[in-house]
*Asks:* 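Here it is: the structure, laid out below.
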There are 2 protein chains.
Amino acid sequence: MTEATTTTRPVLREINDMTGSLAQRVYQSLKEAIMTLELPPGTVLRKGEICSQLGVSRSPATEALTRLAADGLVDVVPQSATRVSYFSMSEIREGAFLREALELAAVEKVARECTAEQLAQLTRSLRLQTLLVEDEDYAGFYEADEDLHHMIMAFTGYARVGTFAATAWLQVDRARQLLLPTPGRILETVEEHRAVIDAIRAGDPEGARHAMQHHLSKLIVKLEPLEQEQPALFRPLPA
Amino acid sequence: MTEATTTTRPVLREINDMTGSLAQRVYQSLKEAIMTLELPPGTVLRKGEICSQLGVSRSPATEALTRLAADGLVDVVPQSATRVSYFSMSEIREGAFLREALELAAVEKVARECTAEQLAQLTRSLRLQTLLVEDEDYAGFYEADEDLHHMIMAFTGYARVGTFAATAWLQVDRARQLLLPTPGRILETVEEHRAVIDAIRAGDPEGARHAMQHHLSKLIVKLEPLEQEQPALFRPLPA
DNA sequence: CTGAGTCAACTAACATGTTAGTACACCAGG
DNA sequence: CCTGGTGTACTAACATGTTAGTTGACTCAG
């Protein structure tokens, strides 16, 4: 009764229905929970808890934590503790900067050498987005939005660009969970996407670049106030 | 006498004089050997050998290999073997693309908001390069060259940009070991650096961007012929 | 009441034992 | 000679035991 139960709850997704090595699965499970804020910043991750909750030994758990540390999603205090990393506005800005650099380069390249089939896929995605907005299906729109961006990066022909961008984007994406989608913003988003795709269709790299830059600049503006609104999620000590 | 000694040689740098955790040190040691081609592509890395050569147990060795796999420097065949990854021209092009994207964004930002002190540091680096060229100190020049690029990325104020760029650049940097520095090229390099810094000094982001793009484009041209010249180092099977 | 010093409990880091998947050599059959 | 199956040796992946560094609570002097 009086015991102070801390974090021993079914927060982690079951790993049995996942694919890959155990370490890979544990990593995915933890990453998901961190990104959705089910494991909020500051949460202490104990190897023992992870092992018992997911039913694995310490080896895969250790590897998972190592990878999360590399991603910057957890902070390891040697010999002491591992915590979910706090938000940091400077890291969020940095992530946005990196993502912008990569995505602008990508869209520029795609505008220069996009095939008809690829263009058709982009156009199809845009039409889907329009439909989802009409249906007010926010979750679906969110997914279609991400798909479009992934598509553009995939069309560069460089497989790892997407991976890199995703890693760079982690801090931004996590913070984005705190933003509520508004109908007005979503309509704007579709129009911004349209501008990007129009420029790609026109084979206008410079135009595509600017359209994408305009699109991406909208997000960071929304994120900036978070530090004031949710100070608890941000680094208590800017160590 | 007749025994076929494979790879059991003092290829790895001693880890005792290094800092950080054992895993970190093993990682550094292996990475260094791979990047300098002392461990050429295709070399099989056995945990056991690494352990005995460096005098550590399998845990830190495993973590090191995991990180190298994440860097794309080794290919792990599950349950079977871990090999130093082969060169791949498409991966090299991809690395160059990523690095260009990041460095152009960086130099653009720096040109926009560079302080007097930072500009002085850049100018100093350029002067040093001039001296090193006169002395025909190629190794020193190589280092000064890298310093300049790191400096520019550091001046963005974003700590991880450099880390990201370094990771993206790994394949390119490894391939670069095969290029012999020529006096003519080095003189050109200094001039290209000068153009970049001049544009930064002038507060001309667009100009700095183009100067840097011109500079970076020179390298990939030199790398392209390598696939024909050293086919053994490239992927035998484009799996 | 407050501060430094001590110590016990807990953790990550490291070492080692165990399991299971892979690849290669060998052999039987065509 | 070549092909397909089988078995063994070897590896990474996983589990578990051990060590050593950190933290925070407790003690006791000021």
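To find a chain, count down the sequence lines: A is the first, B the second, and so on, and within it residues start at 1.
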*Asks:* Just checking, is any N or O donor in the side chain of A/S85 or A/R174 under 3.5 Å from an acceptor N or O on the other one?
*Replies:* yes

*Asks:* Applying a 4.0 Å non-hydrogen cut-off, can you work out what A/S80 is touching in the nucleic acid: base, sugar-phosphate, or nothing?
*Replies:* sugar-phosphate

*Asks:* B/K47 side chain: which of D/dA15, C/dA13, D/dA12 is closest?
*Replies:* D/dA12

*Asks:* In terms of side-chain heavy atoms of B/V77, which of D/dA15, C/dA23, C/dT16 is nearest?
*Replies:* C/dA23

*Asks:* Do A/S125 and A/Q129 have a side chain donor and acceptor closer than 3.5 Å?
*Replies:* yes

*Asks:* When you measure from the side chain of A/V76, which nucleotide among C/dA12, C/dA15, D/dT11 comes out closest?
*Replies:* C/dA12

*Asks:* Check whether any side-chain N or O of B/R46 sits under 4.0 Å from OP1 or OP2 of D/dC10, and answer yes or no.
*Replies:* no

*Asks:* Could you tell me if the ring centre of B/F234 sits under 6.0 Å from that of B/Y86?
*Replies:* no

*Asks:* Report the residues that fulfil salt bridge (charged side-chain N to carboxylate O under 4.0 Å, His left out) with B/R176, sequence neighbours left out, ordered by chain and then residue number.
*Replies:* B/E146, B/D173

*Asks:* Quick one: which of D/dA20, D/dC14, C/dA15 gets closest to the side chain of B/V56?
*Replies:* C/dA15

*Asks:* Base, sugar-phosphate alone, or nothing: which one does B/S21 contact when heavy atoms must sit under 4.0 Å apart?
*Replies:* sugar-phosphate

*Asks:* Of the candidate nucleotides C/dA12, C/dC14, C/dT11, which contains the atom at the shortest distance from the side chain of B/S59?
*Replies:* C/dC14

